[in-house]
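Accompanying notes for the structure given below.
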Number of protein chains: 2
Amino acid sequence: MRQAILDAAIELLARNRGASLSEIAARAGVGRASLHRHFPLRSDLVAAVVRQCMDETEAATAAATRDAGSARETLWRMLEAVIPLGDRYHFLAGVVSNEAELRARHEAEMEWLARLIDDLKSEGVLAANVPRTWAAAHIDAQIWIAWTEVAAGHLAPAHAADLAFRTLLEGLGRR
Amino acid sequence: MRQAILDAAIELLARNRGASLSEIAARAGVGRASLHRHFPLRSDLVAAVVRQCMDETEAATAAATRDAGSARETLWRMLEAVIPLGDRYHFLAGVVSNEAELRARHEAEMEWLARLIDDLKSEGVLAANVPRTWAAAHIDAQIWIAWTEVAAGHLAPAHAADLAFRTLLEGLGRR
DNA sequence: TCCGAGTGATACACTTATGTCTCATTCGAG
DNA sequence: CTCGAATGAGACATAAGTGTATCACTCGGA
């Protein structure tokens, strides 16, 4: 029940941040009243969605970090793990929560990414003169584009992370 | 008057597609009634904004094409011309107009981009095995990221097109 | 079987955005 | 200066979303 609502909310809110509670309840197959029983205010639902998205992406990045040796390998595993969560990820990027806990977790994720970028530079994987924000924005974009292309059927899921990884490092030019 | 409203609308709608007419009128420094005189319905205003954005981006891409020799040069000029229009461009990407004329113009722009990508492959600038939709999505993303970084003050406007161009072709890896 | 928690449907009040209308004011052309 | 068009302010009706409350129903456990 609660999970069905959260799933429907992610699906609709990722596409349209202004999706109405009626739409979400209908998609979840529950009455709007029941939705309000689990999430009294709209903001409660949004916060719960953000929290779940963070849980999932943090679990994915944690797994990618855990037993990876190099930063290069970490990046690859992170892309592989996070691209299938593209809608979650995109939703997070667009929502700025006003709850302190969620803000803090988001900050932590951003710092993790910044550290990864620094490590990639140290390893000589990323060019040293690439600005950190530029690199971060492109990693974000790769995840979103890869997920979109998979969802549109233009790209086989198995190749998505590989293509994103290579494009990120080598670009689209003829090598 | 009319132009002030359009400018305010682009500014606010690019950031928030659901911006209210009151906000837009206030930002333009006009009464809401006057806004309705020029654009009876919200959809009229949105269509006018889309039309102006298309005028500007088409003018930019047309100028980039006009006296450019190679497709490589066309791409470079297009990036240089369109990145400063980042907010316009981003707005267009998010709005799907239901007016036939605007849809047709958008289609034409997409086809122009597809042709450019094919030409870039013919010239050996883009790798031949890069899917067309993948390349198009990345060109879009480069424009948006570059504009965002410039707007955030992380990147000098003069370097934006150059950095975007090089990242697109060569990626972020150490070459 | 009976009871109670959970659910769906529905009604209600409230808020916000939209579109229409009126009226007094202003500003520029003649 | 005078007239008229355009403007700003505001009232009004309507629609949609949100949050609350109520009521009847269902289903599972005691």
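Sequence lines set the chain letters: A, B, ... in the order given, protein chains first and strands last, and positions in each chain run from 1.
Contact check, B:His38 against D:dT7: a side-chain N or O comes under 4.0 Å of OP1 or OP2. Regarding contacts with the backbone of C:dC21, every side-chain N or O of B:His36 stays at 4.0 angstrom or more from both OP1 and OP2.
For the contact set between residues 15-26 of chain A and DNA chain D, defined by any heavy atom under 4.0 Å, the members are A:Ser20, A:Leu21.
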Can you give me every donor-acceptor pair (side chain of residues 124-134 of chain B, partner residue at least two apart or in another chain, under 3.5 Å) with its distance?
{"from": "B:Arg132", "atom 1": "NE", "to": "B:Asp118", "atom 2": "OD1", "distance (Å)": "3.2"}
{"from": "B:Arg132", "atom 1": "NH2", "to": "B:Asp118", "atom 2": "OD2", "distance (Å)": "3.1"}
{"from": "B:Thr133", "atom 1": "OG1", "to": "A:Glu149", "atom 2": "OE1", "distance (Å)": "2.5"}
{"from": "B:Trp134", "atom 1": "NE1", "to": "A:Thr167", "atom 2": "OG1", "distance (Å)": "3.1"}

Expected list for residues 106-113 of chain A: side-chain donor-acceptor pairs under 3.5 angstrom, two or more places apart:
{"from": "A:Trp112", "atom 1": "NE1", "to": "A:Thr65", "atom 2": "OG1", "distance (Å)": "3.4"}

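When hydrophobic clusters are built by joining Ile, Leu, Val, Met, Phe, Trp and Tyr residues whose side-chain heavy atoms come closer than 4.5 Å, directly or via intermediates, B:Leu85 is not grouped with B:Ile139.
Between the C1' atom of C:dT20 and the CZ atom of B:Arg42 lies a distance of 18 Å, rounded to the nearest Å.
Across B:Ala71 and B:Asp119, no two heavy atoms sit closer than the pair CB-CB, 3.6 Å. In plain terms, the two heavy atoms of B:Ile83 and B:Ala146 that are nearest each other are CD1-CB, 3.6 Å.
Through chains of ILVMFWY side-chain contacts below 4.5 Å, A:Leu13 is grouped with A:Met1, A:Ile5, A:Leu6, A:Ile10, A:Leu12, A:Leu21, A:Ile24, A:Val30, A:Leu35, A:Phe39, A:Leu45, A:Val46, A:Val49, A:Val50, A:Met54, A:Phe91, A:Leu92, A:Val95, A:Leu102.
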Is there any protein nitrogen or oxygen under 3.5 Å from a nitrogen or oxygen in nucleotides 8-10 of chain C, and what are the pairs?
{"from": "C:dG8", "atom 1": "OP2", "to": "A:Gly31", "atom 2": "N", "distance (Å)": "3.2"}
{"from": "C:dG8", "atom 1": "OP2", "to": "A:Ser34", "atom 2": "OG", "distance (Å)": "2.5"}
{"from": "C:dG8", "atom 1": "O6", "to": "A:Arg37", "atom 2": "NH2", "distance (Å)": "2.9"}

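Using the six-membered ring where Trp is involved, A:Trp76 and A:Phe165 have ring planes that are perpendicular, over 60° apart on the 30 and 60° scheme.
Residue pairs meeting the salt bridge (Lys or Arg N to Asp or Glu O under 4.0 Å) criterion with at least one partner in residues 17-28 of chain A, sequence neighbours excluded, are A:Glu11-A:Arg27.
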